[in-house]
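Report on the following structure.
Quick note: numbers below take in every heavy atom, side chains included, and nothing from hydrogens, waters or symmetry partners. Being a predicted model, the structure only gives us computed values, none of them experimental. Throughout, protein chains are lettered first and strands after them, A, B, ... in sequence-line order, and every chain is numbered starting at 1.
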Number of protein chains: 2
Amino acid sequence: MRASDRAYSTLRTDIIDWRLAPGDILAEVEQSARLGVSRTPLREALSRLVAEGLATTNTGRGVVVSEISLEAVTDLFDARIPLECAAVRIAARRGDPAVFAPLAEEFACAGPLIDGDGDSDGQAAYYGLVARLDHAIDEAAANPYLLQAQKPIRTHLARVRRLARDNPIRLLHSAHEHEQIARALADGNAELAEAAMRVHLHRSLQHLTTPSHAGHGAALHP
Amino acid sequence: MRASDRAYSTLRTDIIDWRLAPGDILAEVEQSARLGVSRTPLREALSRLVAEGLATTNTGRGVVVSEISLEAVTDLFDARIPLECAAVRIAARRGDPAVFAPLAEEFACAGPLIDGDGDSDGQAAYYGLVARLDHAIDEAAANPYLLQAQKPIRTHLARVRRLARDNPIRLLHSAHEHEQIARALADGNAELAEAAMRVHLHRSLQHLTTPSHAGHGAALHP
DNA sequence: GCCGCGACCTTTGTATACATTGGATGGTGG
DNA sequence: CCACCATCCAATGTATACAAAGGTCGCGGC
């Protein structure tokens with residue numbers, strides 16, 4: 001793997017996981033020393049982060065980690081909802097039903113996975129299942145432009161998710177919503193799939209903007 | 001202006017205007033010599049082009065101008081339509097009516113601008129008017145994530161537009177459609193604005209995919 | 001004559017040295 | 001005492017030199 005790739009993925013993970021907070025300055029010499037690469041590949045990594053929206057260039061001051069907060073999540077979903085709905089609609093038309101039927105079954109059986117004893121293990125497995133459905137939708141939609149538009153949105157979403165941890169109750173609901181989406185896709189029912197996706201996204205947004213989940217970010221800003 | 005910015009905008013324009021055709025190899029030494037910059041800023045320009053989707057990296061072969069054709073325009077609009085509709089819907093809610101009313105008037109009076117004697121001059125002025133409306137919508141929507149998702153789509157769209165020149169009749173229809181959008185926005189009518197936008201985009205797509213306009217691209221590939 | 005292997009060469013990836021710009025700080029004048 | 005300007009410094013922007021990797025061409029063997 002190239003040095004610039006390593007620098008990029010390390011910085012990207014650091015930002016998404018809030019080890020690098022908004023406003024933090026990514027000085028070239030400092031970061032190149034920290035990551036053990038030269039300034040040239042680091043600059044390439046930084047420019048990729050800027051293109052992705054995870055950082056912004058302050059003229060003369062280098063690049064800083066871009067601001068984001070739970071307040072931005074509404075704007076984020078205003079862009080996300082139409083994109084995901086469009087994707088799922090196309091996927092229902094073009095996709096192979098045989099791909100989505102097993103996924104629907106998995107979501108139907110995901111209950112024990114979520115509130116089992118090995119908590120974090122089960123949650124990780126569930127998140128993996130969600131990722132597989134997302135990937136199957138991307139494959140079925142087979143639209144590179146749609147994917148390109150969704151990519152930065154998903155990156156930002158991953159970042160705000162860390163501010164509001166999902167609880168088991170929400171995850172159970174989420175599994176049910178995902179099952180509905182997968183079943184509609186397996187049936188090739190575009191209208192139903194879009195509606196189910198819309199329901200899921202609205203519920204997710206509602207959960208994220210519920211104030212009871214805010215406030216543990218204080219630990220990240222001592 | 002920085003050398004990397006100059007290299008980026010020059011290459012970007014060259015690709016959009018089809019001076020650099022899909023499949024063309026952007027060798028670092030060759031392009032840096034052509035643009036009169038060193039390899040370092042050129043690499044930054046290339047990585048920006050890759051992030052934008054105008055070029056792709058072929059391992060070991062450098063970066064090549066990405067493929068695009070009129071066949072891709074349907075996929076492009078599958079991503080564009082939901083985004084523009086979402087933007088116009090939000091703009092109708094948040095926007096200032098005083099901004100859009102004059103724009104609607106301008107579109108209403110755009111007829112002579114289009115099929116006047118100074119053909120290309122008038123068309124350029126009309127395209128500028130369209131750009132102003134787009135910008136006003138972006139400002140009114142005030143959603144950076146939506147804008148970020150739209151940016152690559154618009155870039156690709158500019159590229160395919162060069163394959164199918166607009167004719168005066170289509171432009172007159174386009175002006176009328178834009179007028180409808182602007183009026184709905186001035187009235188703060190989100191539903192109507194979205195519908196008008198949807199009409200406009202479907203008509204545009206229909207025009208672009210009408211086969212009578214293909215075929216002058218042969219001059220670009222001798 | 002065709003396939004495979006190897007060497008050469010072109011091209012990209014990386015590092016470092018140098019130039020330049022923007023900012024901060026301290027001093028001076030009003 | 002405040003404000004403005006000049007100087008210094010640190011950080012980025014750029015260029016070039018070097019290394020590594022992949023591709024292509026040619027030669028030899030089958």
Between CZ of A:R43 and P of D:dA15 the distance, given in whole Å, is 11 Å

When B:E28 and A:T40 are each assigned the nearest nucleotide of DNA chain C, the 5'-most assignment goes to B:E28

Quick note, B:R39 side chain, CB onward, closest among D:dA15, C:dC18, C:dG13 is C:dG13

- Message: Counting only heavy atoms from other residues, nucleotides and ligands, does the tally under 6.0 Å from CZ of A:R154 exceed 12?
- Response: yes

Atom CG of A:D5 and atom C1' of C:dT14 are separated, to the nearest Å, by 13 Å

For this session: Please confirm whether the backbone N or O of B:Y145 pairs with a side-chain atom of B:N143, one donor and one acceptor, at under 3.5 Å?
Result: yes

Atom CD of A:E30 and atom P of D:dA10 are separated, to the nearest Å, by 15 Å

When rounded to whole Å, the CE to C1' distance for the pair A:M1 and D:dA21 reads 17 Å

Here the distance between atom P of C:dG13 and atom CG of A:L42, to the nearest Å, is 16 Å

Smallest heavy-atom separation, B:P152 atom then B:E52 atom, equals CB-O, 4.1 Å

Tightest non-hydrogen contact, residues B:L35 and B:R6, listed as O-NH1, 4.5 Å

When B:L26 and A:S38 are each assigned the nearest nucleotide of DNA chain C, the 5'-most assignment goes to B:L26

Between CD1 of A:I25 and P of C:dG23 the distance, given in whole Å, is 12 Å

When rounded to whole Å, the OH to P distance for the pair A:Y8 and C:dG13 reads 16 Å

Between CD of B:E44 and C1' of D:dG13 the distance, given in whole Å, is 9 Å

